[in-house]
Amino acid sequence: MSNSTSRRPNQAVAGQTVTSLRQLILHGLLFILLMILGSGLSILFSMLLRGFVPAYSGSTELAVGMSFTLIAGPLTWLLWRTVRKNVVQASAVDSAIWSLQAAAVYVVALAMFSTSFLRLFAELIHPSHATGWQSLLGAGLGWGLVFVWQYRLIKSPKYAPTELPSLAPALGSAYALVLGGISAILLVQRAVSELISPQETLLGASTDLPQLLTAAIWAIGAVIIWWWHWTVEHVRSMVDDFTDFIYVIIGISVPALISLLCAAGLLSMLVPIPISSGIWAEDFTTDSPLLIAGLLVGLLVWIYHQAKLTTRGIWASEVSRQIVSGVALAIGASGLGMVINALLAALSVPFSGDSSVPVLRAGIGLLVVGALAWVLFFRPLAPAKPASRRVYLVMFFGCSALVALVSLLVVGYRIFEFLLVTTGSGSLLDMIRAPFGWLVATVVVATYHYFLWRSDRQLLATETSDDPPAAAAPPRSLMIVAPHGSDYLLEGLRQLKHVQLHWVPSAGTAPAQEDLHELLAEVSTRISAEASGLLVNVDSSGKAQFVSLA
């Protein structure tokens, strides 16, 4: 009897594993077929616009387009008819697989058709490539059909993924933001170059005006795509772990890194260390347009997303602050290592040498910018909760150990190379100054964080010893039935003491944040008056039904 009972759970798990593996294979085949179909449609549309005239003699373009379309098209339709039966009533794992496949097709089709149309508009103004407009328009139309089909499935109430529903629009918004940022940097770079080194005339094919207009087309098109996802598709109001992760990485961390590096590069040009005026003017004319463009665009994206960070919850705010702190610390430590490298170089060669001055200027810029940003975001003098930065310190110690190990290996290698391989040229100090600078900078920064870690451990031990015993207040069960995207409510309820929180996701859209804020206060009040537990059923409008648990 016991053997038959133990077999049933194992058989159920094995059956679910086989079903999920089957769905993974089918959705993988569907993705491949859609990619082939998009390529075939692009080729056929291009041939149609050219009157079925091949691009060059002996071209097999028509044969490839016909085979891709006529074979992949029916197979895609048949496979979708097989897959869609399981999409409607899919398990959590199968729905996640469908969401991943749909998001992958969505992003690839969006990237292909948007870049095709943007290249087409750019080629009409500045034909810098040999690609004909027929090929670009055909690619845009072919991949546009795939995108529209996938978009309608994702937005369909019947086939929309229930797991990771924000995956496709969040990735589309991230793609558009990256494309818009790169295009805007190129646009501002060319505009600043024109201001620094103006030409006699702006008109004509030999001027920079066509390139400036081309960059403007790419930037405006990418911003429109991003605005559409951000506003029309409501990505800005999607609050879940994946969307918060994309928001923190693409919207805050990457722009912060670009802004700090560009600011350090500009500051290094203004450091009052003697340098040839001709070299300085050449470096400023060559490098400053890109640095200014990166700084302006990076700050614009960073400040915008930083201002909207209050709507993402406590977790996203704290993680973004610690990531920016880590980025600033890495930049400052790199600058400190370069300064030590340059000062050691001054001991072995004259300080006016060409090798030490640029390194010293760059190191000072990185050190100043990194230190200021680290103080601003890490706030070393302000009181902080030790538990909130334990992950930050662990990650830092891991990276510091790796940098220190590599630096020690390089220093040891250079010493043995100097002792065993006598070349008669160069000094030991000149050979080890670069890795030694990295090692000293790592040790200095790690020492501070080590004492900070010890202080946090003592504070955590004190707080633990001062807490009352758990038996004084028995835990109460709090079961929340709420739609995906109600993370603001869940984050607030997790802060309640002596409460065991259980969340069951339900279908529907998440309530507005104002409704979740009012509901948080109401649930906190109700659970404190319950003897054993509480069941809360939240609908999409923010209204809740309360049931006391026995």
Side-chain angles (χ1 to χ4, degrees), residues 107-141 143-144 147 171-233 235-236 250-251 254-259 261-263 265-266 284-305 307-308:
V107 174
V108 172
L110 173 64
M112 295 298 292
F113 103 86
S114 61
T115 54
S116 298
F117 276 110
L118 291 176
R119 284 183 60 192
L120 174 62
F121 295 145
E123 286 290 318
L124 294 178
I125 294 178
H126 183 50
S128 57
H129 301 87
T131 305
W133 65 269
Q134 297 91 345
S135 299
L136 295 176
L137 182 57
L141 293 175
W143 286 105
F147 172 77
L171 289 178
S173 176
Y175 154 75
L177 184 61
V178 172
L179 180 62
I182 296 174
S183 304
I185 289 176
L186 295 178
L187 174 62
V188 178
Q189 178 190 7
R190 286 166 179 166
V192 173
S193 299
E194 183 63 28
L195 292 176
I196 295 177
S197 303
Q199 297 182 352
E200 296 180 359
T201 178
L202 289 176
L203 301 178
S206 60
T207 64
D208 292 336
L209 183 60
Q211 298 180 356
L212 193 65
L213 294 176
T214 299
I217 289 175
W218 279 87
I220 294 173
V223 169
I224 291 175
I225 298 174
W226 171 80
W227 172 85
W228 182 71
H229 283 88
W230 187 251
T231 305
V232 179
E233 294 300 311
V235 174
R236 62 181 178 182
I250 304 298
V254 174
L257 175 61
I258 294 175
S259 302
L261 290 178
C262 292
L266 290 174
F284 184 81
T285 305
T286 304
D287 300 335
S288 63
L290 180 59
L291 295 176
I292 294 174
L295 178 61
L296 293 178
V297 176
L299 283 178
L300 180 63
V301 177
W302 183 12
I303 292 174
Y304 176 82
H305 289 88
K308 301 291 184 180

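- Across all their heavy atoms, Tyr175 and Ser114 have their closest contact at OH-OG, 2.7 Å.
- Between Leu141 atom CG and Ser116 atom OG the span is 9.5 Å, to the nearest 0.5 Å.
- Although no hydrogens or angles enter the test, the distance criterion places a donor-acceptor pair under 3.5 Å between the side chain of Arg190 and the main chain of Gln211.
- Of all heavy-atom pairs spanning Pro255 and Gly298, the tightest one is CB-O, 3.6 Å.
- Of all the heavy atoms in Val107 and Gly172, the pair that sits closest is CG2-N, 4.2 Å.
- Under the 30°/60° scheme for interplanar angles, the aromatic rings of Phe121 and Phe117 are found to be tilted.
- Atom CG of Leu110 sits about 8.0 Å away from atom CH2 of Trp228, to the nearest 0.5 Å.
- Scanning both residues, Ala191 and Leu212, for their nearest heavy atoms gives N-CD1, 3.7 Å.
- Phe113 and Gly140 get closest at one heavy-atom pair: CB-O, 3.6 Å.
- Using a distance-only test at 3.5 Å, with no hydrogens or angles considered, a donor-acceptor pair links the side chain of Thr115 to the main chain of Met112.
- The CG atom of Leu266 sits 5.5 Å away from the CD1 atom of Ile292 when rounded to the nearest 0.5 Å.
- How far CH2 of Trp226 is from CG of Leu179: 13.5 Å, rounded to the nearest 0.5 Å.
- Rounding to the nearest 0.5 Å gives a distance of 9.0 Å between CG of Leu118 and CD1 of Ile224.
- Nearest heavy atom pair, residue His229 against residue Val235, reads O-CG2, 3.0 Å.
- For the pair Phe147 and Val108, the minimum side-chain heavy-atom distance is 4.5 Å or more.
- In this structure, Leu295 CG and Trp302 CH2 are separated by 10.0 Å, a value rounded to the nearest 0.5 Å.
- Between the side chain of Ser259 and the backbone N or O of Leu299, at least one donor-acceptor pair lies under 3.5 Å.
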